Novice: 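This is the structure I want to talk about, given as structure tokens.
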Amino acid sequence: QVQLVESGGGLVQPGGSLRLSCAASGSIFSIAPMAWYRQAPGHQRELVASITGGASTNYADSVKGRATISRDIPNNSVYLQMNSLKPEDTAVYYCTTRSRGIDYWGQGTQVTVSS
């Protein structure tokens, strides 16, 4: 059983910043890969950023240069720092991980970028 809980979302003005947090618990390897996805109503789900147990990272072109994914392995947490937020960043952000071939998703945290 794996549980993921996201937090840190909210309403932010364009150009602002947010740090999303994801706390993982349960039967998960501490070095399991983790990722952030986002989905807006009427839009397809997209991968925002991912990170491996070795701290290798990948970013979507849409957030490259504005987002930083990091992890705290001892505390089973992953973070997404987003700067220079744009209205198109508005979405529900989900934390995901893979454990023994099974993908797990958190409940999501809403990020709204608007004036």
Side-chain angles (χ1 to χ4, degrees):
Q1 182 76 293
V2 175
Q3 293 182 332
L4 302 171
V5 180
E6 304 97 332
S7 62
L11 175 62
V12 186
Q13 294 186 351
S17 298
L18 280 177
R19 172 140 65 175
L20 307 182
S21 299
C22 173
S25 62
S27 56
I28 181 175
F29 291 119
S30 62
I31 59 172
M34 304 188 77
W36 288 94
Y37 283 79
R38 67 185 181 186
Q39 186 168 26
H43 294 72
Q44 64 181 2
R45 183 182 63 206
E46 68 172 328
L47 175 65
V48 179
S50 63
I51 187 167
T52 69
S56 296
T57 60
N58 286 288
Y59 298 94
D61 289 340
S62 58
V63 303
K64 198 168 297 182
R66 301 187 297 117
T68 302
I69 187 171
S70 61
R71 70 187 301 165
D72 181 351
I73 291 178
N75 291 307
N76 296 317
S77 299
V78 64
Y79 308 93
L80 182 67
Q81 175 71 41
M82 298 195 68
N83 304 318
S84 302
L85 285 162
K86 306 174 180 179
E88 52 262 44
D89 294 319
T90 296
V92 177
Y93 285 70
Y94 297 93
C95 176
T96 71
T97 191
R98 179 172 296 165
S99 180
R100 305 190 70 172
I102 301 175
D103 292 336
Y104 296 86
W105 295 75
Q107 85 288 349
T109 184
Q110 176 71 48
V111 172
T112 302
V113 184
S114 176
S115 298

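All values derive from a computational prediction rather than experimental measurement.
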Novice: Does the salt bridge (charged side-chain N to carboxylate O under 4.0 Å, His left out) test come out yes or no for Asp61 and Lys64, once each step is laid out?
Specialist: CA-CA 5 Å; Asp61 289 340; Lys64 198 168 297 182; 3.2 Å; yes
Novice: For Val113, does its backbone N or O pair with a side-chain atom of Thr90 as donor and acceptor, under 3.5 Å?
Specialist: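 A pair under 3.5 Å: yes.
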Novice: How far apart are the closest heavy atoms of Glu46 and Ser62, and which atoms are they?
Specialist: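 What the structure gives for the nearest pair is OE1-OG, 3.8 Å.
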Novice: Indicate yes or no for a side-chain donor-acceptor contact from Glu6 to the backbone of Gln107 under 3.5 Å, with no hydrogens or angles considered.
Specialist: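 Yes, Glu6 side chain to Gln107 backbone: donor-acceptor pair under 3.5 Å.
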Novice: Looking at every heavy atom in both Arg98 and Ala32, which two are closest together, and how far apart are they?
Specialist: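 Heavy atoms of Arg98 and Ala32 come nearest at O-CB, 3.5 Å.
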Novice: Can you tell me how far apart CG (Leu80) and OH (Tyr59) are? Round to the nearest 0.5 Å.
Specialist: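 Interatomic distance, Leu80 CG to Tyr59 OH, rounded to 0.5 Å: 7.5 Å.
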Novice: Let me check something: do Leu85 and Tyr37 share a hydrophobic cluster, defined by ILVMFWY side-chain heavy atoms less than 4.5 Å apart, either directly or through other members?
Specialist: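 Result: no, two separate clusters.
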Novice: Can you tell me how far the CG atom of Asn75 sits from the OG atom of Ser21, to the nearest 0.5 Å?
Specialist: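 The distance works out to 11.5 Å.
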Novice: Taking all non-hydrogen atoms of both residues into account, name the closest pair between Gly8 and Leu18 and its distance.
Specialist: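 Between these two residues, the closest heavy atoms are O-CD2, 3.6 Å.
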Novice: Can you name the nearest heavy-atom pair linking Arg66 to Lys86, along with the distance?
Specialist: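 In terms of heavy atoms, the two residues are closest at NE-CE, 3.8 Å.
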Novice: According to a 4.5 Å side-chain heavy-atom criterion applied to Ile, Leu, Val, Met, Phe, Trp and Tyr, with indirect links allowed, do Ile51 and Tyr104 form part of one hydrophobic cluster?
Specialist: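 Ile51 clusters together with Tyr104.
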Novice: Mind checking the CZ-CD spacing from Arg38 to Glu88? Nearest 0.5 Å is all I need.
Specialist: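 One finds 8.0 Å between CZ of Arg38 and CD of Glu88.
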Novice: Atom CD1 of Ile69 and atom OG of Ser50: how far apart are they, to the nearest 0.5 Å?
Specialist: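 The OG atom of Ser50 is 6.0 Å from CD1 of Ile69, to the nearest 0.5 Å.
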Novice: Within the side chain of Thr97, is there an N or O that forms a donor-acceptor pair under 3.5 Å with the backbone of Pro33?
Specialist: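 Judged by distance alone, yes, a pair lies under 3.5 Å.
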Novice: Evaluate the ring planes of Tyr94 and Trp105, with Trp represented by its six-membered ring, and classify them as parallel (under 30°), tilted (30 to 60°) or perpendicular (over 60°).
Specialist: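 Ring orientation of Tyr94 relative to Trp105: perpendicular.
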Novice: Side chains of Leu11 and Ser114, heavy atoms from C-beta outward: is any pair under 4.5 Å?
Specialist: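 When only atoms from C-beta onward are counted, Ser114 and Leu11 do touch, with a gap below 4.5 Å.
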Novice: Please report the closest heavy-atom contact between Ser77 and Ala23, naming both atoms and the distance.
Specialist: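 In this case the closest contact between Ser77 and Ala23 is OG-CA, 4.2 Å.
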Novice: With side-chain contact (heavy atoms from CB on, under 4.5 Å) as the criterion, how do Val12 and Ser17 come out once you've worked through the C-alpha distance, each side chain's angles and the decisive distance to 0.1 Å?
Specialist: CA-CA 7 Å; Val12 186; Ser17 298; over 6 Å; no
Novice: Does Leu47 have more than 12 heavy atoms from other residues, nucleotides or ligands lying within 6.0 Å of its CG?
Specialist: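 Count over threshold, so yes.
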Novice: Return the CD to SG distance between Gln3 and Cys95, rounded to the nearest 0.5 Å.
Specialist: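 Those atoms lie 12.5 Å apart.
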Novice: Which value, rounded to the nearest 0.5 Å, describes the distance between Thr96 atom OG1 and Trp36 atom CH2?
Specialist: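 Going from the OG1 atom of Thr96 to the CH2 atom of Trp36 covers 9.5 Å.
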Novice: Identify the two heavy atoms, one from Leu20 and one from Gly9, that lie closest to each other, and give their separation to 0.1 Å.
Specialist: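 Smallest heavy-atom distance, with atoms named: CD2-N, 3.6 Å.
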Novice: Could you walk me through whether Val63 and Met82 satisfy the side-chain contact (heavy atoms from CB on, under 4.5 Å) test, starting with their C-alpha distance in whole Å, then the side-chain angles of each, then the deciding distance to 0.1 Å, before giving a yes or no?
Specialist: CA-CA 8 Å; Val63 303; Met82 298 195 68; 4.0 Å; yes
